Every structure is written in structure tokens, then in C-alpha cells.
Amino acid sequence: MSSVSVDAWMQEASTVITANAERLTELDSAIGDGDHGTNLTRGFRAVIEALAAAEDELPPGRRLILAGKTLVSKVGGASGPLWGTALRRAGRSVGDAALDGPALADALDAALAGVVELGSAEVGDKTMVDALTPATQALRTAVEAGEPLADAITAAADAAAEGARSTVPLQARKGRASYLGERSIGHEDPGAASTVLIITALGRALEG
Amino acid sequence: MSSVSVDAWMQEASTVITANAERLTELDSAIGDGDHGTNLTRGFRAVIEALAAAEDELPPGRRLILAGKTLVSKVGGASGPLWGTALRRAGRSVGDAALDGPALADALDAALAGVVELGSAEVGDKTMVDALTPATQALRTAVEAGEPLADAITAAADAAAEGARSTVPLQARKGRASYLGERSIGHEDPGAASTVLIITALGRALEG
Amino acid sequence: MATSSMRKLLNDPENVVRESLAGLAVAHGDILTVDLATQIVVRADAPRSGKVALVSGGGAGHEPMHGGFVGRGMLDAACPGAVFTSPVPDQMLAATTAVDGGAGVVHIVKNYTGDVMNFKLAAEDAADEGIEVESVLIDDDVAVQDSLYTAGRRGVGATVLAEKLAGAAAERGDDVAAVAGIARRVNERARSFGIALSSCIPPSAGKPIFDLPAGEMEVGIGIHGEPGRRREPLGTAREVAAELVEAVVSDLAPADGAEVLVFTNSMGGTPLLELYVLHGEIERELTERGLRPARRLVGPFITSLEMAGASLTVLELDDELAALWDAPVHTAALRWGV
Amino acid sequence: MATSSMRKLLNDPENVVRESLAGLAVAHGDILTVDLATQIVVRADAPRSGKVALVSGGGAGHEPMHGGFVGRGMLDAACPGAVFTSPVPDQMLAATTAVDGGAGVVHIVKNYTGDVMNFKLAAEDAADEGIEVESVLIDDDVAVQDSLYTAGRRGVGATVLAEKLAGAAAERGDDVAAVAGIARRVNERARSFGIALSSCIPPSAGKPIFDLPAGEMEVGIGIHGEPGRRREPLGTAREVAAELVEAVVSDLAPADGAEVLVFTNSMGGTPLLELYVLHGEIERELTERGLRPARRLVGPFITSLEMAGASLTVLELDDELAALWDAPVHTAALRWGV
Ligand SMILES: Nc1ncnc2c1ncn2[C@@H]1O[C@H](COP(=O)(O)OP(=O)(O)O)[C@@H](O)[C@H]1O
Ligand SMILES: Nc1ncnc2c1ncn2[C@@H]1O[C@H](COP(=O)(O)OP(=O)(O)O)[C@@H](O)[C@H]1O
Ligand SMILES: [Mg+2]
Ligand SMILES: [Mg+2]
Ligand SMILES: [Mg+2]
Ligand SMILES: [Mg+2]
């Protein structure tokens, strides 16, 4: 039964975030302060350093917690605490078990709950929640339908992408973009865009 | 015998300086601080106001002195004291007499002497002196040759223009342009350019 | 973006905050110290035993805020994050423990999602260590409505005033509740509004955050370089002053004839020659409304890198706040009475 | 050029200096007064009977210089001309008579053709009125050679230091020769050099004085927005610092291990975040050469409107100059000890 390697996930996430840093910064310039790409690039690079230094025996859940705490310690801004909390809650949910389909579904549920608890955003507020929520739901649905993990992740990634696209016509009600009022309409939310990348990265972190 | 009306000269000078303010500022931007056009525009406008308020009986020499003192009081920079001194010395030289050919030649001699005394510039230093010196000489030559005042002024204006053009290839040795060293080469000196305008204006101030 | 493609004096843009802090440290070693590892700025004589300590922080790029406000009579410590990025809880905890004098610590938190979240995590960490932290939220910007449909009003110019006034209260020996109370009073009785004539260029972005043609202005801006509420043609200084004063005063609703502190701030790229023109117009507008400027602060104090623009903060004074304003302060950016 | 076509906060550009002075007057009415008719800035408690008075002036556009340096311990009066244009003798005479305390007046004159000529005329006018004027020429810029083929070295950053140090000497009761002597000593023992990353836009011109693409710098600039000695690719802050320090120190030739005052100045458009990066590099360069920074001044103090760029002034200190630097000063731009 396949599962996700935490280290590989974080490595893939770092790679794809770094490769998309300029685009994320552009999105965050249209409706923000132009730092989202730099923030997450810094954060995920620190995460893979921290994981590389961790003991090989450290279980997946603890690895996710370490990743989350690293993001909190290195990123700042809004996305640091939000993704930091997401990964910490995911890690607590996973514990020592392998990150198979059901564990990943629980992990994403916990991650989303953490983000919503901290940031109070709802779907439609034009934030990362607009991508993370459908992704979480799609993964849950696919896993419960017995689909292979790779397909479940693909469904989650597609749902995330659709969710990110859905933020374009929205007026922001949370975060810095909300200061722009109607002027936030017509632009994709940077946090949603980066969520697509992070979720999609799961698909390249499968093992076993 | 014709002579120059001081008030008409100053009025014409003001008109043509104002009309060329942007060009003078451009020249002073290439090799200076971009204020020459504004400086002289301000100065000559104040001069015509002062002359308009002066008593009609005030003789030409005193009118020139008033013009010079007004320039000193209103312009600042390098061109204020220089043209202010020029007109004051010219006025002292003219006294109560009319500004006919010989008087104008003496007046320009005195003006030039004042500028050189104050600023210590020589021909070839890339300053207003490069235009005023040939203009003064040309007027003197024409007057002593018995030419009509209008023709003498035209000769002076042509000489001034030739002198201003001669500043283009020079490296400045006085004034702000001298800070640029070799980079001042290839640009016309703004003070020489405005001198052409002021001398040429004499030609539209003839009376009698 | 290569350093040399920007009109900036930098080495590697990734190191700009650390290197700037190093320069701050050598320039002002008499009043502050910098821990380059944690990236915090601490008052040189910290901790001051028995005194309530004041800590603030935020993204870099707003200098002199907050590092330039560390010293006697104002902040005990400041935490700069990356440019326009809230600092991390680790910094805030390090700063808090460094300055804790046993009388409690007040965190001055500007109302931005990131600042609020990071300071919240830090306050929890401090509580774990037994340090009493009182957090004060600053949300003086009138450009944004505080509603269910926004992230709330931004903390801008009143932050500077709160840091000075609460700092003076701490210096005179007030307890933590009273110091926090002063900061909250400042927040309640001050309002701000700003306009931009240009964007700004974060070093890591390498280009302006948005495009603003000459002759137009962004109205209702924050301090992180994001676009404002709307774009308008740029008017005269008199017209801009009228717009700033109307926005601030109509929201603040001060008492008739109230004495006020007028804080006319340059966003960084507007030179003093122009700022004083604007300030003169602002005072004229205020006095025409019957208000009485009794204290002033004019200059670049809460900035957005090289952004051309200005903001107005008006604080309704009372005798106590006026006395706290006049109290001695010794920081890199504000100094009097010492 | 219509006001609204420039990224500037102004009314009619023709009135910018007068209106800026009006704003300065209301903002700092506790320490200075402004005569809008003559356009001079005067210390509020002038004339100070028995004290040598210090007067300076120059074009507007360099704020806070000189109006922001009027007050106790520094200038008694300042005369601003039009932007980048030397003031007129009438202003200087009005200022001189306003502050004459019967002990003589020192004119601090920056070495520019216009400044020198206008101050010279004013000194003659003052002599006519029986006021003893001692004129001190400041020509600290190393970028230009002082020779028969130039108008001499420009007066730049050392002007600020001379005004502070001579101002302190006057405040402590020195006679006019001694006060002038302090200013001259500063001029002899200080050198400056500057670079620009952008031009600036005088309100009456409406556009930049010259074009400077990003990634290039003008080296060896003055303060009036004119181009520098040469154009070079823009390097890192470390490289720029090395160039500034080399130019200044090689010309100044201070004693081994000398204590120095380091004045790292923003030309107006370079934000503090970057200025402190540069300052840190400058201090490193200086200490590597065995010099000992003992006093610092970092910020925008002698500017060219919104020009991005920086200049360095290094003054070789002695005990007396250090003590005069530390003496109280109360102006809009510099304040300590009061
Ligand atoms: N309250 C919130 N809940 C969920 N996500 C949020 C919230 N506020 C902001 N975000 C997300 O954070 C992103 C911005 O992140 P970033 O630019 O790194 O931080 P900052 O806004 O502090 O500069 C937004 O695009 C949005 O997706
Ligand atoms: N020493 C001097 N002798 C004669 N003319 C001079 C001298 N210095 C400067 N000038 C003239 O002054 C002109 C510049 O005038 P202006 O721009 O009004 O003053 P500033 O240089 O003070 O800005 C120069 O173009 C030059 O012709
Ligand atoms: Mg952002
Ligand atoms: Mg000029
Ligand atoms: Mg940010
Ligand atoms: Mg000039």
C-alpha cells in the first residue's frame, strides 16, 4: 500500500515553490505586498534543511511537526503561522503511522482545521482556504472510494487548482488583499496558488 | 541719432528670456542644476515691474542701475550677481545720457569689466563671458566705424551667438559646469545662451 | 534580481535586514544592541528591573520603525522581519525575555494578519515561560472599514505615537495594565490616512509592487506597498491635505476645539521640502475646523522604503498624553529631554 | 509643468519655498520663526545678546539644511533661495541684522560661485551697517580638484558638521574669531564624497535633471542635482563603501588610529534600511584602515530633493571637536542634551 514520504513531499514542495517564487510574488504584488514567493521559498528551504538534520528514525508525524515548527520559525507574515500550524496539526494527527491514504486524509483534515481555527477564513473569502478545502474534500472522497493514493492525490491537486482559480473573481474578505476591497477582484490569491503547488507536490512523494 | 530705451530693452529681454526658459533650463540640466531659465525669468520679470514703478524722469543710467539691483535682489545663484553687477556698472557708465551708440559701447565695456571682476572668468572658460566679450568688442568696432546703431547691435548679437556656439566644445573652468570636467564638453553654456538673448534684445529696443 | 539592477545600496538582497541591523548597531551602540543571530534590537541597558518593558516589531522596510525607536522612553526591544514580512515568534520571545524586568511586558501589535498571528504565538510562548504579556492592537487606519468582510483596520501612524506615549508611561513606573492602557487610549483617540505618489521596490522583488503613473495618486494606502483603496488624479498639496484631514477628522470626531498632535509623515520618498508644504496645509485645515495643534511630528517615521507619499495621523490629546509626549526619549529617531 | 504631472506634493511650484517655510514655521514654532516676506528662518530667541551669531543659507532642496539647523547650539538664522539657487544678499542681510547680538556674525558659505558671490555682497552690506561679519568657506568635496581649471571644491557634508561645531562654540561664548576658527578647522579636517543612483526633479523643471538608468551610478556628485565626475556600474554596498572611504580617506590623510566622526548621509531618496547597510560597510572599511569611529551621524541631512544616493563625510576629531559635537543642540533636525 503506497504512502507519502514526508521528506520527499517537503523536498518537492520546496522545489516547486522555489520554481514558482516569481509568479507567487507577482500575484502578491497585485493584491498584497510582494513577499509571498520569498516567504515560502525561505520557509521550505529551511524545512528541508531541518529534515535532513533530523534522525532517520523520526516518524512521519514528528517530521511533519518539525516541518511546521520550522515554517513558523522562519517565514513570518501570514503564511508562516498558517502553513506552520497546518503541518503541525497534520503531524499530530499522523503520529508514528505511515502516511497512507486514510492517514493523509486525516492529516489534511487536521491541517485545514488548524488553518481555519487560526485564520477564521471561510471558503469564498479568497484565501488559501479556497484551495485547501476542496483539496481536502477531494482526497477524502477518493480515499473513501478506495482509489489508489496516486489517483486520490491527483483528485486533490485538481480540486486545489480549481479552488485557486475560483478565487479570481472573488472580493477578498481576509488578509492583506481585503484592504483593496473591490480592487482585489480579478486576481488570483497568492496563498491559494501556493496551496496548489504544495498539494500537487504530494503526487511526487509517493513511496512503497 | 538712435538710442536704446532701457525699459524697452529690459522688456524685450524679459520676453525672450521667458520664451526660452525651458531651453535655458535644459542647457543648465546637462551641465548644471537646472535653474538658469527659472532664475533669469524671475529676475527679468522683477526688473520690468521695478522699472514700471520707477519715476518717468529717472534717467537711463539710473534705470540700468535699478535693473541691476533688482536682479541682485531677486535672482540669486551665479547669474543674479553677475548680470546684476553688469547692469549696475553699465548704468554708472551711462549716467544721465541717452543710450546712443558710444554710450552703449561704454556701457557694455563696463558691464563686461564688472562680470570679469566679480567672476574672474576669461574667454575660453565656457561662461557668459564667452558671449559677452565678442559682443562687446563687435559693438565697439561697429560704433567706432560709424555704423548705424541698429547694425552695430546686429553685429554684437551675431558675435554673441558665435561666442555662445564656441562654448560647445570647451571644457568648463568656471561655475558649476566645471565640476563635470570633461563631461561639460559638447554642451552649450546656459549663461552664454542667455547672454545672446539679452544682447539680441537690444535690437528691439531702439528709439529715436 | 541582481542587486545592481536596482537603484539600491545593498549587498545580497537576502541579507539586507541583517546587514542593516549591523549598521544600526555600530551607529547607535550607545543606546542599543543588536543580536544578529536572532535579529532583534534591544535597548542597551536592558533589562530594566521593575519597569514594564515594551516590545514591538514588524516587517523591515518601515525604518526608522521599529529599531529606530528602541531606547529610553520608548521601546525596550524591536523585532524586524524580512522586508514587509511579520517577524517570527522566536524573535518576539527572544526580545521579550531579553527585556523582561519582572514587571510585565507589553507587545504593541499592528493589526495585520501576519503580525497578529505571530505575536499571538509569541505571547503563548512567553506565558509558557512565566512572563506576563499584555498585547495591544493598533488599528488606526481609517481607509479600511472594520467589518466581517475585511481583515480589519491596519495599524499605521498611531503605532509610533503609542510606542512613545506608552514608553513614557513605562519609564515613569506605571504598571503593565496602565502602560497597555495608555497605548490603547492612543489607539482609540488617533486616526490615520495616507496617499502614495509612487510604489516602492522591495529588494527581493526587484521592481515596484505596482505601477503608478505621475499625476495620479493611490488613496487610502497602508505601509506595505500594497495598492490603496482607490486611485485618483493627483491634486495640489492643499487638495491632498483637505482629503487627508477630512478622512481622519470625520472618523476621529474629536471634541470641539480639542488639542491635537499632528503627525505628518513622509512615506520615505517625499522630501522634506514638500512635506512641510503639506504640513502647513494640514494645519490650516485643522485650525479651520476649530482644532488646536498642540504638538507636531513631521518627517519620515513610518515608511515604505522609497515610496513617495505621505500620511496624516491626528491624536486627540489630553493633559496626560501631552505630558507623556514631552517626557524624555532617547532613540535613534526621536530624542528630546536627554 | 503642471504640479499634478509630477510625483510631488505642491501647490504652485513658484511658491514651493515660501509655503514650505510656512509649514516649517508652524511645525517648529517653539524654536524658530520665519519671515515669509524676506524668506529667512530665525532662531526664536534671537538676537542672543553677546553671543556670536551664525548664519548660513543656500538653495532650497537640501532640507533639512539649513532651516532645519536653526536653533540653540547651531544656526541663528538660515536663508533659503529658490530650489538649488543661492539666496540673495537682501536675505542674508536681513538674517544677519536679525541675529546680530553685538558680538559679530559668522557666515558659513558653501563654495559655489553663486553662494560665494551673494554672501560676499551681503557681507559688504553688513559692513556698511557696522556689523562685523566673518565668512568661512566650506569646500570639503574631494570629487573636484581645486585648481585654476575649476570653480574649486564644493561645500557639502562638512557644512552640517561646521554648523553644529561652530554653533556649539558660539553657544559656549567663544568670540567671533574663535567661532570662525572652529568652522575652518572642521573644513580643514573633513572630507566628503558622494554617489547618486538617480537624478532629482526640481519643481520648476518638472523632470529629472539627468537620466540615470538603474544599475548605474554617478560618482563624485554635488548636492544640486548636477551630474557627477563619472558614471560607473552600480556595485554592491560593500564596493560603494570602499570607493567612498578610499576617496575621502586618501585625501584627508588622517593620523594613524585617529578618532573620526562618520557622517553617512542619504541624498533623500535612499531609505534608512539601505543607508544602514552602507554605514555598516563604511565603518568596516574605516576600522580596517585603523581609524576609530567615535561619533556618528546617519540619515538624510544634506539632500537633493528625492535623489537616491548617499555621501560620506569623515571628520578627524580632537577632544575639543568631540566635546563641541556632544554639546546640546535644539533644532528641527538635530536635538540632544535639551
Ligand atoms: N486569515 C487568513 N486565513 C487564511 N489564509 C490567509 C489569511 N490571511 C491571509 N491568508 C493567506 O496568506 C496569503 C498571503 O501570504 P503572505 O504574503 O506570505 O503574507 P502577508 O499577507 O503577511 O504578506 C494570502 O494570499 C492568503 O492566502
Ligand atoms: N565665474 C563666472 N564668471 C562668469 N560667468 C559665470 C561664472 N560662473 C558661472 N557663470 C555663468 O552662470 C551660468 C549659470 O547660472 P545659473 O544657473 O543661474 O547659476 P548657478 O550655477 O548658481 O545655478 C553659467 O552658465 C555661466 O555662464
Ligand atoms: Mg504578502
Ligand atoms: Mg544653474
Ligand atoms: Mg508581508
Ligand atoms: Mg543654482
Side-chain angles (χ1 to χ4, degrees), chain C residues 3-12 16-17 19-28 60-61 63-64 68 83 197-198 212 214-215 233-238 240 264 268-281 283 293 296 298 300 303 305-306 308 310 332 335-338, chain D residues 2-11 16-17 19-28 60-61 63-64 68 83 197-198 212 214-215 233-238 240 264 268-281 283 293 296 298 300 303 305-306 308 310 332 335-338:
Chain C
T3 291
S4 57
S5 319
M6 299 183 276
R7 291 189 179 88
K8 286 180 180 289
L9 293 166
L10 302 170
N11 298 313
D12 186 337
V16 64
V17 177
E19 291 175 356
S20 193
L21 288 176
L24 185 78
V26 291
H28 303 289
E63 289 74 16
V83 172
L197 308 189
S198 78
L212 184 51
L234 170 61
T236 61
R238 178 159 293 201
V240 170
T264 300
T270 283
L272 277 184
L273 179 73
E274 298 168 34
L275 196 68
Y276 278 113
V277 172
L278 182 71
H279 179 75
E281 299 288 3
E283 288 225 17
R296 287 95 172 168
V298 182
T303 62
L305 296 168
E306 66 269 87
R335 182 172 178 179
W336 54 77
V338 55
Chain D
T3 291
S4 57
S5 319
M6 299 182 277
R7 290 188 179 92
K8 288 181 178 288
L9 293 166
L10 302 170
N11 297 315
V16 65
V17 176
E19 291 174 356
S20 193
L21 288 175
L24 184 79
V26 291
H28 305 288
E63 289 74 16
V83 172
L197 308 189
S198 78
L212 184 50
L234 170 61
T236 62
R238 177 160 293 202
V240 170
T264 300
T270 283
L272 278 184
L273 179 73
E274 297 168 34
L275 197 69
Y276 277 113
V277 173
L278 182 70
H279 179 76
E281 298 290 1
E283 289 225 17
R296 286 94 171 171
V298 182
T303 62
L305 296 169
E306 66 270 86
R335 180 172 179 180
W336 53 77
V338 57

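Owing to the predicted nature of the structure, the values given are computational and were not obtained by experimental measurement. Proteins come first, then strands; the chains are lettered A, B, ... in the order of their sequence lines, and each starts at number 1.
Ranked by heavy-atom pairs shorter than 4.5 Å toward chain C, the options D/L273, D/L24, D/T303 are led by D/L273. In terms of non-hydrogen atom pairs under 4.5 Å with chain D, the most contact-rich of C/A310, C/G337, C/G269 is C/G337. Between chain D and the residues C/L272, C/T264, C/L21, C/T270, the largest count of heavy-atom pairs under 4.5 Å involves C/L272. With chain D as the partner, the residue from C/A308, C/G23, C/G268, C/S20 showing the most heavy-atom pairs under 4.5 Å is C/S20. Of the listed residues D/A22, D/A27, D/G280, the one with more heavy-atom pairs under 4.5 angstrom with chain C than any other is D/A27. With chain D as partner, the option from C/E63, C/H28, C/E19 having the largest number of non-hydrogen pairs under 4.5 angstrom is C/E63.
To the nearest 0.5 Å, the span separating CZ on C/R238 from CG on D/N11 amounts to 6.0 Å. In this structure, C/E274 CD and D/R7 CZ are separated by 12.0 Å, a value rounded to the nearest 0.5 Å. Taken from CG in D/L9 to CG in C/L234, the straight-line distance is 6.5 Å, to the nearest 0.5 Å.
For the pair D/S5 and C/A214, the tightest heavy-atom approach, listed with the atom from each and the gap, is O-CB, 3.4 Å.
At a 4.5 Å heavy-atom cutoff, the contact between C/V26 and chain D is made by backbone and side-chain atoms alike. For chain D, the nearby part of C/A60 is the side chain; its heavy atoms alone come within less than 4.5 Å. Both the backbone and the side chain of C/V16 come within contact range of chain D, each with at least one heavy atom under 4.5 Å from a heavy atom of that chain. When heavy atoms are compared at a cutoff of 4.5 Å, D/L278 approaches chain C solely by way of its side chain, counted from C-beta outward. Residue contact with chain D, scored on non-hydrogen atoms closer than 4.5 Å, involves the backbone and the side chain of C/E306 alike.
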